[in-house]
Amino acid sequence: MIKKIEQINQSATAEINSVKTLDELEAFRIKYLARNGLVGDLFDALKTLDKSDRPLMGKYLNDLRNNAQSLFDKKKEEIESNTTIRQETDDLTLPGRRRWIGSRHPLTQTLDEIKRIFYKMGFEVADGPEIEDDYHNFEALNFPPDHPARDMQDTFFITDKILLRTHTSPVQIRVMEKQKPPVRVIIPGRVYRNEAISARSYCLFHQVEGLYVDEGVTFSELKGTLVTFAKQFYGSSLKFRFRPSYFPFTEPSAEMDITCFLCNGKGCRVCKQTGWLEILGCGMVDPNVYKYVGYDEEKISGYAFGMGIERIAMLMYGIDDIRILYQNDIRFLKQF
Amino acid sequence: MRISLGWLKKYVAINVSPEELAHSLTMCGLEVESIEYLGAKYNHFVVGKVIDVQKHPKADRLTVCQVDIGAEKVQIVCGAPNVAAGQTVPVGLIDAVVPRDQHDPNGNPLKISKVSLRGVESNGMICSEYELGLGDDKEGILVLEASAPIGVPLADQLGVNDIIFEIGVTPNRPDALSHIGIAREVAAIQNIKLMLPAIDVQTNDTSISDLVKVIIEDVENCPRYSGRLISGVKIGKSPLWLERILESVGIRPINNIVDVTNYVLMECGQPLHAFDFDKVSNGTIIVKSGIDDFNFTTLDHKERKLRPDTLMICDDKKPIAIAGVMGGENTEITQSTTRVFIESAYFLPRSIRRTAKYFGLSTDASQRFERGADPEITLWALNKAADMIISIAGGTVLGNSIDVYPNKIKEKEIVIRISKVNELLGITISKKEIIDLLTKISFKLSNKESTKSNPDLLSLLVPSFRPDIEREIDVIEEIARMHGYDNIPVHEITKLRLSENNPPKDFLPIIRDCFIGAGLQEIVTNSMQPISIATLASDNVVKIANPISRDMEALRTSLLPSMLEVIRENIFKGNSSLRLFEIGKTYYHHHSIIGEYLPQYSEKTQLLIAFTGNQNPLRWDEKPRNIDFFDVKGEIESFFQKIFLDNIKFIHYPNTNALSERGVHIEINKEYAGMVGYVRKEILKQFDIENEVIFAEIDIEKIINKIKIKRHYTTLPKYPSMIRDIALVIEPNITMDKIEEAIKASGTSLLKHIELFDTYSGKQIGDSKKSYAFRLEFYSEDHTLTQNEIDGVMNNIINELEHKLKAIIRR
Ligand SMILES: [Zn+2]
């Protein structure tokens with residue numbers, strides 16, 4: 001009996017090495033491990049043995065079965081995982097088994113950082129459509145028909161009155177139509193401009209709009225909020241300036257510049273030798289806008305601001321061609 | 001708008017550097033985008049005198065010149081045939097950059113360095129007109145006036161050391177579209193006086209009214225029309241100084257008359273138009289609209305079809321100019337013109353804007369009229385032009401001017417509240433300070449009766465050149481601007497009164513993190529694409545009426561095509577194993593009314609994931625395996641598990657849609673929410689992709705409102721669970737979902753979990769069949785299960801499987 005156990009053990013150990021496929025493995029299982037396989041037969045033969053020999057032989061047989069089973073299991077795993085022979089190695093400097101790594105697109109990373117800062121200041125996120133009507137994109141934002149301010153934004157039209165929004169500002173109107181003050185929202189989103197595509201401009205880009213309307217909001221507070229944002233985002237040592245500008249839906253309107261962090265304000269190609277980088281447009285909400293949404297301009301005041309995410313991302317990461325953001329070359333995306 | 005510093009200085013004394021001036025203009029709202037130093041291109045160029053010219057010892061066509069450049073003498077080897085001793089010449093010294101290289105086919109710049117020409121040292125270059133960018137003459141060197149002082153910078157000698165500011169004038173500031181307009185701001189900033197040149201036009205004895213008759217029929221659109229007549233002019237080239245100053249501000253010189261009108265335009269912002277008076281029938285000018293169906297040829301030789309709302313300048317027979325936009329060919333100034341009628345009018349902005357848009361014509365004149373010109377400046381501009389014309393083109397000005405101005409435009413009067421100024425800006429500024437700031441920029445106090453008793457009120461008259469100022473808020477902006485935005489304090493403490501709306505939770509970051517954690521890379525793609533691509537996924541395509549190109553004529557209806565483009569480009573660049581995702585919008589146009597915001601348009605936020613290439617990065621102990629369907633499906637299942645979304649069903653549809661084949665639909669509560677599938681071979685071919693691409697798309701809105709935001713804790717089981725494995729052999733048409741359903745239906749409440757852990761098909765079970773093995777987990781909330789109890793449930797399950805699915809249980 002012992003001899004037989006030994007023989008079967010040896011042949012099973014030898015045979016398993018030649019097994020390559022699941023079919024061959026199944027044959028191995030039937031030959032050794034099935035109920036009427038070689039091992040099973042021996043168990044049947046156990047009954048014929050002398051009662052006193054049975055426990056010891058039983059133990060040997062169990063060992064045999066376990067060994068055959070483990071050979072089978074190991075092989076099965078090996079074939080199924082389609083691996084070549086997984087060798088034991090002493091070279092622990094071999095690389096580990098890495099996984100693919102993913103990341104957020106640089107535009108998402110930039111936007112997330114902007115959002116994080118405004119969340120801390122009590123802003124909520126609002127959303128609106130990219131396909132807009134003339135009313136929300138222009139008219140209610142105090143761009144009258146036949147007004148040259150409309151030339152500031154080259155527009156893609158779907159029909160005479162339906163267009164692709166040229167800024168996220170129409171969402172200001174949509175929010176105020178639905179909600180009474182206080183309103184404190186940021187509005188991130190995709191906007192479109194019908195401009196020739198070049199290293200500096202693309203036919204679409206992303207903006208973050210901000211709107212705060214409440215009782216007694218001042219221009220001074222607008223400056224405070226944006227300076228806080230800029231210091232959080234660009235670093236607390238930055239210098240800034242606000243200068244007058246023009247947007248039909250804010251008055252007074254301003255643009256905010258920060259010292260160029262590429263040349264420390266000395267003047268370089270990126271800041272066009274001025275030492276300043278324009279980072280956002282802002283202003284106090286024009287009273288005409290309140291008329292469109294039914295707010296009482298005498299009781300409330302507010303401010304709005306907007307910034308381009310592509311521009312900020314390009315400045316932050318030193319990207320000199322906006323198109324690369326939309327090419328999604330994996331070698332580019334892996335850098336973020 | 002290009003503004004010449006030299007020109008500005010005619011109207012205002014400038015006591016700061018150009019850079020400081022640029023900064024203060026920027027800070028008061030006239031952004032100086034760049035400063036161009038016209039003289040900079042003549043750095044290292046000086047006036048020199050040729051003292052001696054000798055033949056080059058080794059080259060016949062070269063000469064060796066000794067040139068006096070004031071402080072020293074330099075030796076220059078010269079190739080020009082006309083060089084001679086005694087000439088005063090422009091000399092480029094070492095390090096000078098010659099604007100145009102005569103020997104370069106493209107005329108690129110050339111930097112001068114010390115060279116040896118066939119053994120003779122040369123330390124500079126004597127330049128031609130072409131090389132200096134002053135003209136086209138390449139034949140020889142430019143010879144300067146003999147009186148030119150030796151050694152002075154060439155830019156000074158040529159009078160080209162002006163500085164040009166490029167100013168971005170916002171649409172609300174038409175008053176700043178001229179040199180006087182900018183000078184007015186500079187005077188306000190520096191708190192000094194603006195000096196306007198006095199004009200005294202010499203006229204002859206004939207009165208203009210004997211020859212010219214002006215009738216305004218459309219007074220609404222043309223409130224004022226002024227004109228002067230000049231006879232006996234000689235048309236020709238303008239003097240050099242005029243051509244050069246116009247060129248420096250970006251205007252092409254044409255002839256002396258047109259150049260004068262352009263000069264006056266750039267000087268004071270009033271557009272003028274010059275007519276050849278002999279071509280104006282009966283000396284009659286009629287301003288009217290209502291001309292329909294008439295083809296009119298403008299100065300640019302284009303024929304334009306008039307509309308009834310186009311305001312036209314006509315004589316008694318025909319239209320002669322599109323008012324405020326462009327003149328007509330039929331009355332153009334030509335070489336033979338001798339009598340010139342100069343028009344100086346004020347047109348209504350809206351009317352000009354409409355016309356300019358309709359014709360797609362934007363001219364220096366239309367830009368100013370549509371933003372709002374100054375109605376009170378017409379005569380000043382006219383006189384300035386007339387005065388300049390007789391001094392440049394000769395002739396005499398007829399007595400008097402025409403000035404039809406039936407209803408004088410009233411000065412605007414605005415009352416502001418001092419308290420409002422302070423409240424809105426968050427500053428403390430007194431009435432007196434406000435008056436000081438506003439009078440600097442030409443506002444006048446009107447002392448309106450009703451405001452006298454209330455010290456908080458201030459009534460003001462707005463200068464005629466500020467059409468943008470109509471309301472209190474417009475004045476507040478002027479106060480803020482003149483006070484200086486930088487002098488408004490930065491108030492960093494803001495009250496935190498949150499809205500009572502509870503904003504919806506932003507799930508997108510959670511979704512994004514889930515896939516990034518699984519090793520997927522986020523991409524962001526263009527939402528515009530060709531119509532042929534957009535129609536692949538839906539017929540409800542949104543088309544753009546004025547696309548940039550055919551390639552971007554429609555909005556996407558699926559995220560897949562732009563994803564495939566990204567995959568192709570990356571494979572092309574050598575990266576063929578890709579795991580990508582995008583969260584973005586798709587857009588639809590409907591014929592019925594269903595949009596959330598606009599009746600016929602809707603937008604969906606979608607998630608798309610796509611895999612191609614290897615499942616894992618290369619590993620030293622593992623053969624690479626291509627991704628397959630179940631890799632993608634697994635990501636989606638894990639995602640649903642992560643966001644605790646159940647009730648998900650994957651329904652197998654053999655022929656899914658135009659973009660995909662062999663896939664499953666994802667349904668949540670029987671509603672379509674997305675799909676997982678193989679990209680169709682034909683589509684892959686269309687996108688030049690040879691490898692297999694498997695993707696999943698999910699309609700984000702469909703899942704977001706089903707995510708259970710509030711989690712609720714369930715007590716952990718107190719009693720141990722029991723595991724049983726079961727393997728069954730079934731016909732190939734029995735799918736996993738059916739088996740799972742059968743096991744669940746028969747497993748009683750004790751069955752808590754089913755997991756497939758093995759599948760097999762092969763000889764041992766008969767070629768046509770397949771075997772699935774499941775691990776089942778049982779437990780009870782109130783007692784420890786006995787073997788018997790589980791055996792009972794197992795028998796139930798086996799029964800169900802055997803009877804419903806004809807399964808054979810492997811033991
Ligand atoms: Zn810089």
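In this structure, A:Pro252 and B:Ala480 approach most closely via the heavy-atom pair CG-CB, 4.3 Å. When all heavy atoms of A:Thr159 and B:Tyr601 are compared, the closest pair comes out as CG2-OH, 3.8 Å. Minimum interatomic distance between A:Cys203 and B:Asn526 (heavy atoms only, all atoms of both residues): SG-ND2, 3.9 Å. Scanning both residues, B:Val524 and A:Arg190, for their nearest heavy atoms gives CG1-NH2, 3.4 Å. For B:Lys585 against A:Pro129, the heavy-atom pair with the smallest separation is NZ-CA, 4.4 Å. Shortest non-hydrogen contact noted between B:Val490 and A:Gly224 is CG1-CA, 3.5 Å.
Within 6.0 Å of atom CZ in A:Arg116, more than 12 heavy atoms from other residues, nucleotides or ligands are found, so the atom counts as buried in its surroundings. In A:Arg99, the CZ atom is not crowded: 12 or fewer heavy atoms of neighbouring residues, nucleotides or ligands sit closer than 6.0 Å. Within a 6.0 Å sphere centred on OH of A:Tyr119, heavy atoms belonging to other residues, nucleotides or ligands number more than 12. Counting non-hydrogen atoms of other residues, nucleotides and ligands closer than 6.0 Å to CG of B:Asn487 gives a total above 12. Other residues, nucleotides and ligands contribute at most 12 non-hydrogen atoms within 6.0 Å of the NZ atom of A:Lys239.
Side chains of A:Gln327 and B:Glu569 form no contact here, defined as non-hydrogen atoms less than 4.5 Å apart. Side-chain contact between A:Tyr192 and B:Met528: present, with at least one pair of heavy atoms (C-beta onward) separated by less than 4.5 Å. Between B:Arg471 and A:Asp286 there is a side-chain heavy-atom pair separated by less than 4.5 Å. Within the 4.5 Å cutoff, the side chain of A:Lys115 has heavy atoms near those of the B:Asp506 side chain.
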Please report the C-alpha distance between B:Asn172 and A:Glu251 in whole Å, then the side-chain angles of each, then the deciding distance to 0.1 Å, and finally whether the side-chain contact (heavy atoms from CB on, under 4.5 Å) criterion is met. CA-CA 11 Å; B:Asn172 60 327; A:Glu251 184 154 23; over 6 Å; no
Test side-chain contact (heavy atoms from CB on, under 4.5 Å) on B:Ile544 and A:Ile158; report intermediate values, then the result. CA-CA 5 Å; B:Ile544 297 165; A:Ile158 310 291; 4.2 Å; yes
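Side chain of A:Arg243 to main chain of B:Tyr485: no donor-acceptor pair is present (N/O by atom type, distance under 3.5 Å, no hydrogens or angles). Distance alone, capped at 3.5 Å, places no donor-acceptor pair between the B:Glu522 side chain and the A:Thr108 backbone. Checked by atom type and distance alone, the side chain of A:Lys223 pairs as donor or acceptor with a backbone atom of B:Ile488 at under 3.5 Å. For the pair B:Gln521 (side chain) and A:Ser103 (backbone), a donor-acceptor distance under 3.5 Å is present. Looking only at distances, no side-chain donor or acceptor of A:Gln273 sits under 3.5 Å from a matching main-chain atom of B:Ser34. In terms of modelled atom types and a separation under 3.5 Å, the side chain of B:Glu603 and the main chain of A:Ile131 share a donor-acceptor contact. A:Asn328 contributes no side-chain N or O that, together with a main-chain N or O of B:Asn570, makes up a donor-acceptor pair within less than 3.5 Å. Side chain of A:Asn194 to main chain of B:Asn546: a donor-acceptor pair is present (N/O by atom type, distance under 3.5 Å, no hydrogens or angles).
Residue with the most contacts toward chain B among A:Leu325, A:Leu222, A:Asp133, A:Val185: A:Asp133 (heavy-atom pairs, distance under 4.5 Å). Contacts with chain A were tallied for B:His23, B:Arg354, B:Glu33, B:Gln367; B:Arg354 has the most, counting heavy-atom pairs under 4.5 Å. Note on B:Val542, B:Leu618, B:Ile476: by heavy-atom pairs under 4.5 Å with chain A, the leading option is B:Val542. Heavy-atom pairs under 4.5 Å with chain B were tallied for A:Arg98, A:Glu130, A:Glu26; the largest tally goes to A:Glu130. Annotation: maximal heavy-atom pairing with chain B below 4.5 Å, among A:Val227, A:Leu94, A:Thr228, occurs at A:Leu94. When each of A:Glu132, A:Arg331, A:Met284 is checked for heavy-atom pairs under 4.5 Å with chain B, A:Arg331 comes out on top. When each of B:Arg481, B:Glu596, B:Arg371, B:Lys573 is checked for heavy-atom pairs under 4.5 Å with chain A, B:Lys573 comes out on top. Interface check for chain B: of the options A:Ala149, A:Pro106, A:Gly128, the most heavy-atom pairs under 4.5 Å are formed by A:Gly128. Of all the listed residues (B:Tyr597, B:Tyr587, B:Tyr760), the one sharing the greatest number of non-hydrogen pairs under 4.5 Å with chain A is B:Tyr597. Counting heavy-atom pairs under 4.5 Å between each of A:Leu164, A:Leu226, A:Asp257, A:Thr274 and chain B puts A:Leu164 at the top. Counting heavy-atom pairs closer than 4.5 Å to chain A, the top residue among B:Asp486, B:Val566, B:Ile35, B:Thr170 is B:Asp486. Highest contact tally toward chain A, considering only B:Glu19, B:Lys357, B:Glu31, is held by B:Glu31 [criterion: heavy-atom pairs under 4.5 Å].
In this structure, chain B has a heavy atom under 4.5 Å from the side chain of A:His206, while its backbone stays farther away. For B:Asn575, the part lying under 4.5 angstrom from a heavy atom of chain A is the side chain only. With a threshold of 4.5 angstrom between heavy atoms, A:Glu278 approaches chain B through side-chain atoms but not through N, CA, C or O. Contacts between B:Ser527 and chain A at a heavy-atom distance below 4.5 Å involve backbone atoms as well as side-chain atoms. Using a 4.5 Å cut-off between heavy atoms, B:Asp468 makes no contact with chain A at all. Neither the backbone nor the side chain of B:Arg173 has a heavy atom closer than 4.5 Å to any heavy atom of chain A. Neither the backbone nor the side chain of B:Ile583 comes within contact range of chain A; no heavy atom of the residue lies under 4.5 Å from a heavy atom of that chain. Within the 4.5 angstrom heavy-atom criterion, atoms from both the backbone and the side chain of B:Ile473 approach chain A. Of the atoms belonging to B:Thr26, heavy atoms from both backbone and side chain fall under 4.5 Å from chain A. The part of B:Pro547 that comes within reach of chain A is its backbone (N, CA, C, O), which places non-hydrogen atoms under 4.5 angstrom from that chain. When heavy atoms are compared at a cutoff of 4.5 Å, B:Ile479 does not approach chain A at all.
Rounded to the nearest 0.5 Å, atoms OH (A:Tyr135) and CG (B:Leu598) are 13.0 Å apart. Put simply, OG1 on A:Thr218 and CG on B:Leu424 are 8.0 Å apart, with the number rounded to the nearest 0.5 Å. Between B:Ile523 atom CD1 and A:His105 atom NE2 the span is 8.0 Å, to the nearest 0.5 Å. The distance from atom CZ of A:Arg97 to atom CZ of B:Arg619, rounded to the nearest 0.5 Å, is 7.0 Å. Atoms CZ and CD, from A:Phe156 and B:Glu553 in turn, are 11.5 Å apart once rounded to the nearest 0.5 Å.
Residues satisfying the salt bridge (charged side-chain N to carboxylate O under 4.0 Å, His left out) test with A:Asp154, not counting sequence neighbours, are none. Applying the side chain to side chain contact (heavy atoms under 4.5 Å, CB included) rule to A:Lys272 yields the partners A:Arg200; only residues at least two apart in sequence or on another chain are considered.
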